[in-house]
Amino acid sequence: MSIQDCQQVIVAVEGKGDSKQHAFASALGDIQKKMMQESEVILRIEPVEVEVIEATEESYKERFLFFFFPRKRTSYHVKLEVTVNVTTLQVNDVTFTKKVTDDPDGVQIPIISKKI
């Protein structure tokens with residue numbers, strides 16, 4: 001009896017960062033967060049295909065005290081559609097045997113009987 005289930009899912013993620021690499025890493029790091037919301041136990045998440053939906057570069061000039069030391073700041077934003085193979089465990093299909101025991105943390109009180 002196999003309790004593993006493998007399926008292919010398309011996930012839309014977004015990421016932003018100070019460089020192109022940081023933006024893509026931020027977006028790809030969100031795949032696991034989104035998949036954990038949908039499933040209980042995930043064994044493996046394997047990206048198959050990455051499609052760029054939108055990639056933007058935003059730049060502006062930044063100055064210290066409005067006049068001094070101008071510098072150019074750039075930030076990147078990407079929207080991706082990632083096709084992933086997800087292998088999950090089907091916990092609901094597992095049959096558990098029930099076993100009733102005494103409380104392992106409980107204190108055993110001896111029964112005191114009076115014999116005269």
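Nothing here was measured: the structure is a model prediction, and the numbers come from that model.
- Between the Lys34 side chain and the Ala12 main chain, a donor and an acceptor come within less than 3.5 Å of each other.
- In this structure, the side chains of Thr56 and Glu54 come closer than 4.5 Å at one or more pairs of heavy atoms.
- Annotation: the span from Asp5 atom CG to Thr87 atom OG1 amounts to 8.5 Å, rounded to 0.5 Å.
- Rounded to the nearest 0.5 Å, atoms NE2 (His22) and NZ (Lys16) are 14.5 Å apart.
- For the side-chain contact (heavy atoms from CB on, under 4.5 Å) with Val82, the qualifying choice from Ile31, Asp30, Val9 is Ile31, the only one to do so.
- Val50 and Ile53 are members of different hydrophobic clusters when ILVMFWY side chains are connected at heavy-atom separations under 4.5 Å.
- To the nearest 0.5 Å, atoms CG (Leu80) and CD1 (Ile10) are separated by 13.0 Å.
- To the nearest 0.5 Å, atom OH of residue Tyr76 and atom OG of residue Ser59 are 8.5 Å apart.
- Considering every non-hydrogen atom in both Ala23 and Val78, the closest pair reads O-CG2, 3.7 Å.
- The same ILVMFWY cluster, assembled from side-chain heavy atoms under 4.5 Å apart, contains both Val52 and Val84.
- How far OH of Tyr60 is from OG1 of Thr74: 8.5 Å, rounded to the nearest 0.5 Å.
- In this structure, Asp18 places its CG atom where only 12 or fewer heavy-atom neighbours from other residues, nucleotides or ligands lie under 6.0 Å away.
- Within 6.0 Å of CD on Gln32 lie no more than 12 heavy atoms contributed by other residues, nucleotides or ligands.
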Q | Derivation and outcome, side-chain contact (heavy atoms from CB on, under 4.5 Å), residues Glu14 and His77 | A | CA-CA 7 Å; Glu14 296 182 27; His77 184 266; 3.3 Å; yes
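- The shortest side-chain heavy-atom distance between Arg71 and Lys61 does not fall under the 4.5 Å cut-off.
- By the criterion of side-chain heavy atoms lying less than 4.5 angstrom apart, applied directly or through intervening Ile, Leu, Val, Met, Phe, Trp or Tyr residues, Met36 is not grouped with Val41; the two fall into different hydrophobic clusters.
- The side-chain heavy atoms of Ile42 and Arg44, taken from C-beta on, include no pair separated by under 4.5 Å.
- Between Gln90 and Thr88, the side chains place a donor N or O and an acceptor N or O closer than 3.5 Å (distance only, hydrogens not considered).
- Side-chain atoms of Val94 and Asn92, non-hydrogen and from C-beta on, never get closer than 4.5 Å to each other.
- In the hydrophobic clustering of ILVMFWY residues, with side-chain heavy atoms under 4.5 Å counting as a link, Val48 and Leu28 come out apart.
- Contact of the Leu43 side chain with the Leu89 side chain is registered, since non-hydrogen atoms from C-beta on lie closer than 4.5 Å.
- Atom-to-atom distance recorded for Glu81:CD and Glu49:CD is 9.5 Å, nearest 0.5 angstrom.
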